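Everything on this sheet refers to the single structure shown next.
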Amino acid sequence: MPARITAEPLTAAAFAPFGDVLEVTESYDKLINAGMCERYNDRAQLDFGPGGRAGISIFRAQPRSLPYTLDLLERHPEGSQAFVSMSQAPWMVIVAPDEDGHPGVPRAFLCAPGQAVNFHRGTWHGVLTPLAEPGLFAVIDRIGDTANLEEVTLDPPILIVS
């Protein structure tokens, strides 16, 4: 029987050790566009490292379901990475603390409609995990000539339940 973790709702406080939650909060920073638009300013600590630049890519990921078998974690040592859902479909984000260069015990978060995340540089995380179609995301991350990906296969895998 694999180890099990229970997915929890995504909150800024719970996710803070791993990155930023991008969402509308109770108070906005300022009104713009002749008072017709609330601006929630500077919500993520984007980091593209030396020799890198910001890039926006579009990812289409196949939907998964719960329970979900987590068998792969990755991290980006040279820059941050943001996942921004381009639909209102449910999705899950998985993260793990770093323990001496290896992922620690993962945590799974269920994202509400309108929530996005930005992983801080070097944060262990799961792959894009949409829980329904279309699995379409804008991904903002580092573009550069050097390797910016480390992957770890989990053996044994971990079962994530709701």
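The basis for the numbers below is simple: all heavy atoms, side chains too, and nothing from hydrogens, waters or symmetry mates. Computed from a prediction, not measured in an experiment: that's the story for all the values here.
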Quiz item: Do Met92 and Leu70 sit in the same hydrophobic cluster, where Ile, Leu, Val, Met, Phe, Trp and Tyr count as joined when their side-chain heavy atoms come under 4.5 Å apart?
Solution: yes
Quiz item: Under 4.5 Å between side-chain heavy atoms, hopping through other hydrophobics if needed: is there a path connecting Trp91 to Phe59?
Solution: yes
Quiz item: Is it true that Leu128 and Phe15 fall in one hydrophobic cluster, defined by side-chain heavy atoms closer than 4.5 Å?
Solution: yes
Quiz item: In terms of side-chain geometry, is the basic nitrogen of Arg43 or Asp29 positioned less than 4.0 Å from the acidic oxygen of its partner?
Solution: yes
Practice problem: Side-chain contact test, heavy atoms from C-beta onward, threshold under 4.5 Å: evaluate it for Leu131 versus Pro63 and give yes or no. | Solution: no
Exercise. Using modelled atom types only, decide if a donor and an acceptor are shared between the side chain of Asn33 and the backbone of Met36 within a distance under 3.5 Å.
Key: no
Practice problem: Report yes if the side chains of Ser85 and Leu136 come closer than 4.5 Å at any heavy-atom pair, otherwise no. | Solution: no
Practice problem: Would you please classify the geometry between the Phe119 ring and the His125 ring as parallel, tilted or perpendicular, with 30° and 60° separating the classes? | Solution: parallel
Quiz item: Does Asp47 reach the main-chain N or O of His120 with its side chain, forming a donor-acceptor pair under 3.5 Å?
Solution: no
Quiz item: If you take all heavy atoms of Pro9 and Phe109, which pair is closest and at what distance?
Solution: O-CD2, 3.5 Å
Quiz item: Is it the case that more than 12 heavy atoms not belonging to Ile143 sit under 6.0 Å from its CD1 atom?
Solution: yes
Exercise. For residues Ile58 and Phe137, determine if any side-chain heavy atom of one lies less than 4.5 Å from a side-chain heavy atom of the other.
Key: no
Quiz item: Given Arg142 and Phe48, is the side-chain contact (heavy atoms from CB on, under 4.5 Å) satisfied, shown in steps?
Solution: CA-CA 5 Å; Arg142 181 184 190 279; Phe48 304 113; 4.1 Å; yes
Practice problem: Apply the test side-chain contact (heavy atoms from CB on, under 4.5 Å) to residues Leu110 and Leu66: give CA-CA distance (whole Å), side-chain angles for both, the deciding distance (0.1 Å), then the verdict. | Solution: CA-CA 11 Å; Leu110 298 173; Leu66 292 170; 4.1 Å; yes
Quiz item: For Ala116 and Phe83, which heavy atoms make the closest approach, and how far apart are they?
Solution: CB-O, 3.2 Å
Quiz item: Do Leu10 and Val21 have side chains that get closer than 4.5 Å, going by heavy atoms?
Solution: yes
Quiz item: Taking the side chain as C-beta and beyond, is there a heavy-atom pair between Val84 and Val139 under 4.5 Å?
Solution: no
Quiz item: Taking all atoms of both residues into account, what is the closest heavy-atom pair of Arg64 and Gln62, and its distance?
Solution: NE-O, 3.3 Å
Exercise. Before giving the answer on side-chain contact (heavy atoms from CB on, under 4.5 Å), spell out for Ile94 and Thr129 the whole-Å C-alpha distance, their side-chain angles and the decisive distance to 0.1 Å.
Key: CA-CA 8 Å; Ile94 302 162; Thr129 313; 4.3 Å; yes
Quiz item: When rounded to the nearest 0.5 angstrom, what is the spacing between OG1 in Thr11 and CD in Glu23?
Solution: 8.5 Å
Self-check item: Under 3.5 Å: donor-acceptor pair, side chain of Gln115, backbone of Leu22
Solution: no
Quiz item: Do Arg107 and Glu8 sit within salt-bridge range, that is, some charged N less than 4.0 Å from a carboxylate O?
Solution: yes
Show the atom names and distances, to 0.1 Å, of all donor-acceptor pairs under 3.5 Å that link a side chain in residues 149-162 to residues at least two apart or in another chain.
{"unit_1": "Glu150", "atom_1": "OE1", "unit_2": "Arg75", "atom_2": "NE", "d": "3.2"}
{"unit_1": "Glu150", "atom_1": "OE1", "unit_2": "Arg75", "atom_2": "NH2", "d": "3.2"}

Quiz item: Got more than 12 heavy atoms from elsewhere within 6.0 Å of CG, Asp145?
Solution: no
Quiz item: Could you go step by step and tell me if Val127 and Leu72 meet the side-chain contact (heavy atoms from CB on, under 4.5 Å) rule?
Solution: CA-CA 7 Å; Val127 299; Leu72 178 69; 3.9 Å; yes
Quiz item: Is there a donor in the side chain of Glu74 and an acceptor in the side chain of His76, or the other way round, less than 3.5 Å apart?
Solution: yes
Self-check item: Smallest separation among heavy atoms of Pro97 and Trp124, with atom names
Solution: O-CD1, 3.9 Å
Exercise. Looking only at non-hydrogen atoms, find the nearest pair between Leu73 and Gly126 and report the distance.
Key: CD2-N, 3.6 Å
Practice problem: Could you pull out the closest heavy-atom pair between Asn148 and Glu78, with the gap in Å? | Solution: OD1-N, 2.6 Å
